[in-house]
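Report on the structure given below.
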Amino acid sequence: MVQYAAIATLLGCTVVYAAPTSVTSFSDAAITKVKSNLLQIATHSWEIGTAMEALTELEWPSLSVFGGSLPPPVTLAPGTASDIISWTTKIVKAKPNPNALPIIDGDGAVGDPASIGVAVELTNWTRADRGDHEFSTAAGHQLTYLLDVAPRTSDGAISHRSDQVQLWADFVYMAPPFIAYFGALKGGSGGLSLLQIAYQQCKLYRQHLRDPSGLWKHIVLGNGQDLHHWGTGNAWAAAGMLRVLQTISHSKLSSKMKTEQADLKSWINEIVSASWQYQHANGTLFNYIDESSSFADTSSTALLAAVTYRMATLTGDTGHVSASDKAYNLIKASVDSNGWLRNTVDPETFNTPSLAGSHSPEGQAFVLLLQAAYRDFKAS
Ligand SMILES: *[C@@H]1O[C@H](CO)[C@@H](O)[C@H](O)[C@H]1NC(C)=O
Ligand SMILES: *[C@@H]1O[C@H](CO)[C@@H](O)[C@H](O)[C@H]1NC(C)=O
């Protein structure tokens, strides 16, 4: 594969990087292995939702919020998004109780089942059987649960947990992108108010979780807080706000929400800029980003690099691309020949490395999100 410098020369333009790092892309074969491993091990609601988002961005980019305008087309060419649609179909048709509000069991989390909602909305919108209302009902129930049933803080932030009011940075990737997507498809004043709610939730979560350095705490309020600046939590927050931003800007309501889009951009940048200050020489971030006693974590490094490439594509500001290039190389070197991402944090303890022989479903998905973001950056 060619390096950036070579590409720049070919195109006859001048590209200046602060610290040029040569990057060669993952091979298609490596990405195929990463993906098939992901599909084998994604079982929890948030892992499934994140996997669906990764597949959409990687394989069906025009249907992702980074691609085409919203709403998506009503009719898809045969085979399009078939992997996503068959997965959502399996989940929605297998709902043990069709009247249950969340799409799937969330292990006590409010936000996580909603992560599947974008794919359910897409399935409803493009379904071949126009008489089938099950997807619409499932998505509507999920929204009702978030907006009308889940506990909240007194200032209106929707709790990430169902049994107590507690805010997790993770929530920002799970629920606001779904609320926004629902709004973009609905359109009109009802759609606008949903886009506003998605934005407001990002704003409230930032108010509760952000520290002066720009990094976000992981979990606040209630029992079992984690006040550290968890790498994956910061990545979830930045990547979730980015999806909300892109959903707004690709919707028909974009012109009505200019200041909100500017805010989201600056909030994403705040996390990205603060994080890369702590990047280590080999490209990695640490699990607790700003703690030297923590350990190297490829999961958060991959997702923050994905956000960085996407922001550079969006804004034309390549100031952090040398950091994401270094991260990309580190991630490439960390995927073994069988397609497993090594050196991940255990996504369920948050503060210990994955045990030997066990793998991170979300880490696998982050590699695909990184690859899609890198590809789109290079193409721009
Ligand atoms: C499902 O799609 C139909 C169009 O076929 C649309 O009218 C309906 O609002 C959608 N439901 C949801 C919850 O978005
Ligand atoms: C990257 O560097 C950190 C120390 O800064 C180290 O802990 C980690 O193991 C290194 N990662 C790789 C893949 O070499």
Side-chain angles (χ1 to χ4, degrees), residues 43-50 100-117 142-179 197-198 200-241 267 271 286-291 293-295 297 299-300 303 344-355 358 360-363:
T43 54
H44 293 104
S45 57
W46 81 89
E47 296 164 352
I48 295 171
T50 305
L101 293 179
I103 291 169
I104 193 174
D105 177 65
D107 305 287
V110 165
D112 293 346
S115 67
I116 299 170
Q142 179 64 68
L143 186 72
T144 299
Y145 181 69
L146 290 175
L147 300 188
D148 301 339
V149 179
R152 295 197 187 216
T153 59
S154 57
D155 59 1
I158 300 168
S159 173
H160 187 58
R161 300 295 302 174
S162 55
D163 60 345
Q164 62 171 340
V165 174
Q166 186 166 73
L167 307 184
W168 298 40
D170 315 39
F171 175 90
V172 178
Y173 196 82
M174 305 304 154
F178 162 65
I179 298 170
I197 290 169
Q200 275 299 332
Q201 290 299 317
C202 295
K203 182 175 185 168
L204 288 165
Y205 264 73
R206 175 174 171 274
Q207 280 165 10
H208 283 276
L209 294 172
R210 175 184 172 269
D211 275 327
S213 67
L215 294 174
W216 288 28
K217 294 190 264 290
H218 179 204
I219 302 172
V220 299
L221 307 177
N223 298 320
Q225 303 186 32
D226 177 8
L227 303 182
H228 299 269
H229 301 131
W230 189 40
T232 306
N234 278 273
W236 285 133
M241 291 193 288
W267 300 342
I271 292 176
F286 272 16
N287 182 56
Y288 287 148
I289 298 181
D290 51 350
E291 296 179 33
S293 60
S294 186
F295 54 89
D297 166 46
S299 288
S300 54
L303 186 55
T344 53
V345 60
D346 179 331
E348 297 187 49
T349 65
F350 321 129
N351 62 9
T352 54
S354 295
L355 295 173
S358 78
S360 167
E362 64 199 38

Specify the closest pair of heavy atoms between [X] and [Y], including all atoms of both residues, with the distance to one decimal.
{"X": "Phe171", "Y": "Pro176", "value": "O-CD, 3.2 Å"}
{"X": "Ala237", "Y": "Ile271", "value": "CB-CD1, 3.9 Å"}
{"X": "Leu167", "Y": "Ser159", "value": "CD2-CA, 4.1 Å"}
{"X": "Asp155", "Y": "His208", "value": "OD2-NE2, 2.9 Å"}
{"X": "Ile158", "Y": "Gln201", "value": "N-OE1, 2.9 Å"}
{"X": "Leu221", "Y": "Gln166", "value": "O-NE2, 2.7 Å"}

ask   = Excluding sequence neighbours, so at least two apart, what forms side-chain hydrogen bond (donor to acceptor under 3.5 Å, both in side chains) with Asn223?
value =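 Applying side-chain hydrogen bond (donor to acceptor under 3.5 Å, both in side chains) to Asn223 gives none.
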
task = Could you list the residues that satisfy side-chain hydrogen bond (donor to acceptor under 3.5 Å, both in side chains) with Ser294, not counting sequence neighbours?
result =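 Counting only residues at least two positions away or on another chain, Ser294 forms no side-chain hydrogen bond (donor to acceptor under 3.5 Å, both in side chains).
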
ask   = Pairs in or reaching into residues 217-226: which pass salt bridge (Lys or Arg N to Asp or Glu O under 4.0 Å), with residues at least two apart or in two chains?
value =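 Salt bridge (Lys or Arg N to Asp or Glu O under 4.0 Å) check on residues 217-226 returns Asp211-Lys217.
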
Quick one: [atom1] on [X] to [atom2] on [Y], what's the gap to the nearest 0.5 Å?
{"X": "Leu143", "Y": "Ile197", "atom1": "CG", "atom2": "CD1", "value": "7.5 Å"}
{"X": "Thr232", "Y": "His218", "atom1": "OG1", "atom2": "NE2", "value": "8.0 Å"}
{"X": "Phe286", "Y": "Ser300", "atom1": "CZ", "atom2": "OG", "value": "10.5 Å"}

Are any of the side-chain heavy atoms of [X] and [Y] separated by less than 4.5 Å?
{"X": "Asn287", "Y": "Thr352", "answer": "no"}
{"X": "Trp236", "Y": "Asp170", "answer": "yes"}
{"X": "Trp230", "Y": "Tyr288", "answer": "yes"}
{"X": "Arg206", "Y": "Trp216", "answer": "yes"}

Are the side chain of [X] and the backbone N or O of [Y] linked by a donor-acceptor pair below 3.5 Å?
{"X": "Glu47", "Y": "Glu362", "result": "no"}
{"X": "Arg152", "Y": "Val165", "result": "no"}
{"X": "Tyr205", "Y": "Arg210", "result": "no"}

inquiry  = Asp163: which residues meet the salt bridge (Lys or Arg N to Asp or Glu O under 4.0 Å) condition with it, sequence neighbours left out?
reply    =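 With sequence neighbours excluded, Asp163 shows a salt bridge (Lys or Arg N to Asp or Glu O under 4.0 Å) to no residue whatsoever.
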
ask   = What pairs with Lys203 under salt bridge (Lys or Arg N to Asp or Glu O under 4.0 Å), at least two apart in sequence or on another chain?
value =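 Lys203 satisfies salt bridge (Lys or Arg N to Asp or Glu O under 4.0 Å) with no residue once adjacent residues are dropped.
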
task = Applying side chain to side chain contact (heavy atoms under 4.5 Å, CB included), run through Leu204 and Thr153 and close with a yes or a no.
result = CA-CA 10 Å; Leu204 288 165; Thr153 59; 5.8 Å; no

inquiry  = Do Asn351 and His228 pair up side chain to side chain, a donor and an acceptor below 3.5 Å, judged on atom types alone?
reply    =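 Per modelled atom types, Asn351 and His228 side chains form no pair under 3.5 Å.
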
query = So, Thr344 versus Ser354: side-chain donor-acceptor pair below 3.5 Å or not?
reply =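 Yes.
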
Can I get a per-line list of side-chain donor-acceptor pairs under 3.5 Å for residues 107-116, giving both atom names and the distance, sequence neighbours left out?
unit_1 : atom_1 : unit_2 : atom_2 : d
Asp112 : OD1    : His160 : NE2    : 3.4
Ser115 : OG     : Ser45  : O      : 3.4
Ser115 : OG     : Asp112 : O      : 2.6

message = Could you check, using the six-membered ring where one of them is a Trp, whether Trp168 and Phe350 have ring centers closer than 6.0 angstrom?
response =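 Yes.
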
